[in-house]
There are 2 protein chains.
Amino acid sequence: MKIELTTEEKIYEAAKEIFYRKGLDGARMQEIADLAGINKALLHYYFRTKEKLFGAIVKRVAEVFFPVLFSTWNMDIPFEAKIYTFTDKYIDFLIKHPFIPNFVINLIHQNPDKVKSLLNFDKLPISAQLEEQIRVEIEAGNIIDVDWRQIIISIISLSVFPFIGSPMLKIIFKLDDEEFLKIMEERKLIIPKMVMAWLKP
Amino acid sequence: MKIELTTEEKIYEAAKEIFYRKGLDGARMQEIADLAGINKALLHYYFRTKEKLFGAIVKRVAEVFFPVLFSTWNMDIPFEAKIYTFTDKYIDFLIKHPFIPNFVINLIHQNPDKVKSLLNFDKLPISAQLEEQIRVEIEAGNIIDVDWRQIIISIISLSVFPFIGSPMLKIIFKLDDEEFLKIMEERKLIIPKMVMAWLKP
DNA sequence: AATTAGTTTAACCGTTTAGTTAATTACTAT
DNA sequence: ATAGTAATTAACTAAACGGTTAAACTAATT
């Protein structure tokens, strides 16, 4: 059974692929057209300019990436369960979309203001609930007294970096794709264990 | 006292700045020339092509980045001291050169084979000593039984990612440069503490 | 003062690339 | 069937960009 994609979908898929790998500047409209199997003029027919096409991809990526990143944080579940849930869900997502982190990092690196306004962080409190939860846990003596931001930074670092740095890790440890995947699966449990061992008094 | 840079040094400084921020594709030779305060033709007089100029910057970066990354690993000091030394040295380096990790990641991402041959990892064993040291520590029962690669990946992640993701962290936590720096300084001790808490039986 | 080698510049060239145009084909509703 | 609209293409344009050239300037050497 062969699924026929609409032209617009074909363009999205091709543009995503090229932009992920080469960025806005490195990508060529002709290359995207070729990969989509269409004429270059058709690209401009659907998305008037390169910037608009790039913006459409960015919007799509942001819509999946940030919700997955933030959704768990404000859930109403115990602290420890939250960390286990986060790493499990997030690493699952990263295994499916390994190029997104690097894409987002470069995006925000080259255009912090645009990303800021795109996501207007001021409106929704990203980590207010988690911040409060950590404060309560510290006061109750369940975890040691650490800057709550250090906790979040550490968990994100441990989860995301291996995917951003995967080409380097593959070289250093001489890993093939399968081995790399296995190590990432293991991290779903290693990360929360590490964090809890650190935070337990 | 004003130090007069040679033209070549001025080009290096300008090219580094532009390439760090915009990458090979995003950088313009004219822009580099302007920043260096010279004519564009002079750029081609010193470094014949854009690729050669980029390659010169890459070489310079690799010469400082990788030694700092790997040197501590094979030192002949106790395991715990090694972790403390690494985070201290490495975060110091990253504070001084915050743009290098992202630059290197993109480099290796877009051209893994070139980087591989550039550094010929096969010749010098990057982590052989550390691997053996971890094995001994596990057998002696000093640390729990974990894949040694997970340990290294975790330490690198915890140290490097905050700098790669700094623009995002600054948005999420509403940090200015000073606060960010303070948090990174704190991590010099937090990271080894976290790792040791995890590894202690 | 003349010679020479290295340095710097303004003007130019050829190619690549994003974007346009005008004409053609496929589809849809009457 | 046909008119009208949407989708698609080949050919073209204008601008940006990497790179070249030839001439001018500088400083050391004879």
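Lettering of chains follows the sequences in order, A, B, ..., and the numbering in each one begins at 1. Remember, predicted model here, so these are calculated numbers, not experimental data.
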Send over the distance from [X] [atom1] to [N] [atom2], rounded to a whole Å.
X	N	atom1	atom2	value
B/Asp34	C/dT9	CG	C1'	14 Å
B/Ile18	D/dC17	CD1	C1'	15 Å
B/Lys22	D/dC17	NZ	P	10 Å
A/Lys40	C/dT17	NZ	P	10 Å
A/Phe47	C/dA18	CZ	P	16 Å
A/Leu43	C/dA18	CG	P	10 Å
B/Asn39	C/dA11	CG	C1'	10 Å
B/Met29	D/dT20	CE	P	10 Å

Review point. Contact class for A/Ala33 vs. all strands (heavy atom < 4.0 Å): base, sugar-phosphate, or nothing?
Key: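 Since no nucleic acid heavy atom lies under 4.0 Å of A/Ala33, the category is nothing.
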
Exercise for review: Mind checking B/Tyr46 for me? I need base, sugar-phosphate or nothing, with any heavy atom below 4.0 Å counting as a touch.
Suggested key: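 The answer is sugar-phosphate, as B/Tyr46 gets under 4.0 Å only of primed atoms, P, OP1 or OP2.
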
Just N and O in the side chain of [X]: are any of them under 4.0 Å from OP1 or OP2 of [N]?
X	N	answer
A/Thr7	D/dT8	yes
A/Arg48	C/dG19	no
B/Arg28	D/dG18	yes

Review point. What about A/Phe161 and B/Phe163, are their ring centers closer than 6.0 Å?
Key: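 They do not qualify: ring centres at least 6.0 Å apart.
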
**Study point:** Distance flag, aromatic centroids of B/Phe54 and B/Phe19, threshold under 6.0 Å
**Key:**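 Aromatic pair counts; centres sit under 6.0 Å.
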
Exercise for review: Anything under 30° is parallel, anything over 60° is perpendicular, the rest tilted; go ahead and classify A/Tyr12 against A/Phe47.
Suggested key: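 Taking A/Phe47 first and then A/Tyr12, their aromatic rings stand perpendicular (interplane angle over 60°).
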
Review point. Is a side-chain donor or acceptor of A/Asn106 paired with a backbone partner of A/Asn102 at a separation under 3.5 angstrom?
Key: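 Yes.
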
Check your understanding: Closest approach of A/Leu69 and A/Phe86, non-hydrogen atoms and distance?
Key ->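 Looking at all heavy atoms of both residues, the closest pair is O-CE1, 3.4 Å.
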
Out of [options], which nucleotide sits closest to the side chain of [X]?
X	options	result
B/Tyr45	C/dT20, C/dG6, C/dT17	C/dG6
B/His44	D/dT9, D/dT20, D/dT8	D/dT20
B/Leu42	D/dA10, C/dG19, C/dT9	C/dT9

Exercise for review: Please confirm whether any donor atom in the side chain of A/Lys50 sits under 3.5 Å from an acceptor in the base of C/dG19, or the reverse.
Suggested key: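 Donor-acceptor pair under 3.5 Å: no.
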
